[in-house]
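The structure displayed is predicted, hence computed values, not measured ones. These values consider heavy atoms only, across backbone and side chains, with no hydrogens, waters or symmetry-generated copies.
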Amino acid sequence: MSKEGAYRAKERLGPTTQAARVIAAERMLEAREWSAPRLVRAAHYVETELGPRVGTLLAKAADKVEPPRRQRQRRNTAMKTLVAASAIGAVGAVVSRRIPTNSPKQSEDVLEPSSPMTKPSTDGQARIP
């Protein structure tokens, strides 16, 4: 019996629901026709009048909020000092490589002086004559 009741309700309400769909579609179309020009006007207002005003307001607020610029003199002084010290170090390295240090011949003279006082004997002991 419940199936028969549902079938009868469908037959009675079917045309009504179809008419409701058609009416709803027409109303939605009317609402879209009404709202479209208003949205275009609102967009034009925002672009031409409100937008620039808000932009100007935000720019002024940013200028007020921004802290004053720091002086970079300290960093510049430190950078100049670092560059000067590096240049002096590079010059010192080049100069120290050009000046020969003790040559092997000179170092042998230092290790073995010509004095007979420090010549070792055959047993490895140093003897003073």
Side-chain angles (χ1 to χ4, degrees):
M1 269 217 217
S2 62
K3 287 185 180 181
E4 284 182 31
Y7 182 73
R8 275 190 247 150
K10 178 184 171 189
E11 287 179 2
R12 271 188 303 172
L13 296 176
T16 307
T17 56
Q18 186 64 25
R21 281 190 197 130
V22 170
I23 291 171
E26 288 175 2
R27 296 286 166 91
M28 286 297 293
L29 188 60
E30 289 173 4
R32 291 173 62 188
E33 288 174 352
W34 177 85
S35 64
R38 285 165 179 77
L39 289 173
V40 169
R41 271 186 261 141
H44 180 69
Y45 171 74
V46 168
E47 287 178 357
T48 58
E49 294 182 30
L50 185 64
R53 289 180 189 172
V54 171
T56 303
L57 179 71
L58 290 174
K60 287 180 181 178
D63 289 339
K64 289 180 182 178
V65 171
E66 186 177 5
R69 298 227 176 214
R70 285 197 259 167
Q71 294 178 353
R72 294 185 174 191
Q73 189 171 4
R74 289 182 189 171
R75 185 169 38 162
N76 288 341
T77 304
M79 187 63 80
K80 289 175 185 176
T81 305
L82 180 65
V83 168
S86 299
I88 291 170
V91 169
V94 169
V95 168
S96 68
R97 288 188 185 253
R98 287 192 178 178
I99 298 174
T101 57
N102 292 335
S103 65
K105 190 174 187 181
Q106 290 174 343
S107 61
E108 287 176 6
D109 291 343
V110 171
L111 293 176
E112 297 180 28
S114 59
S115 156
M117 291 177 48
T118 59
K119 285 192 178 181
S121 67
T122 55
D123 62 357
Q125 298 293 321
R127 308 251 184 228
I128 300 176

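- M79 contributes atom CE, which lies 6.5 Å from atom CG of L82 (distance to the nearest 0.5 angstrom).
- Note that the CZ atom of R32 and the CE atom of M28 stand 7.0 Å from one another [nearest 0.5 Å].
- Note on L13: it does not cluster hydrophobically with V22, by side-chain heavy-atom contacts below 4.5 Å among ILVMFWY residues.
- Listed by chain and number, the residues in a side chain to side chain donor-acceptor pair (under 3.5 Å) with E47 amount to none (sequence neighbours excluded).
- Looking at every heavy atom in both residues, T48 comes nearest to P52 through O-CG, 3.4 Å.
- Atom CZ of R38 sits in a crowded spot, with more than 12 heavy atoms from other residues, nucleotides or ligands closer than 6.0 Å.
- Considering CZ of R53 and CG of L58, their distance stands at 14.0 Å, rounded to 0.5 Å.
- Minimum interatomic distance between A93 and S96 (heavy atoms only, all atoms of both residues): O-OG, 2.9 Å.
- Taken together through direct or relayed side-chain contacts under 4.5 Å among Ile, Leu, Val, Met, Phe, Trp and Tyr, V65 and L57 form parts of separate hydrophobic clusters.
- Taking CD of E11 as the start and CZ of R8 as the end, the distance is 9.0 Å to the nearest 0.5 Å.
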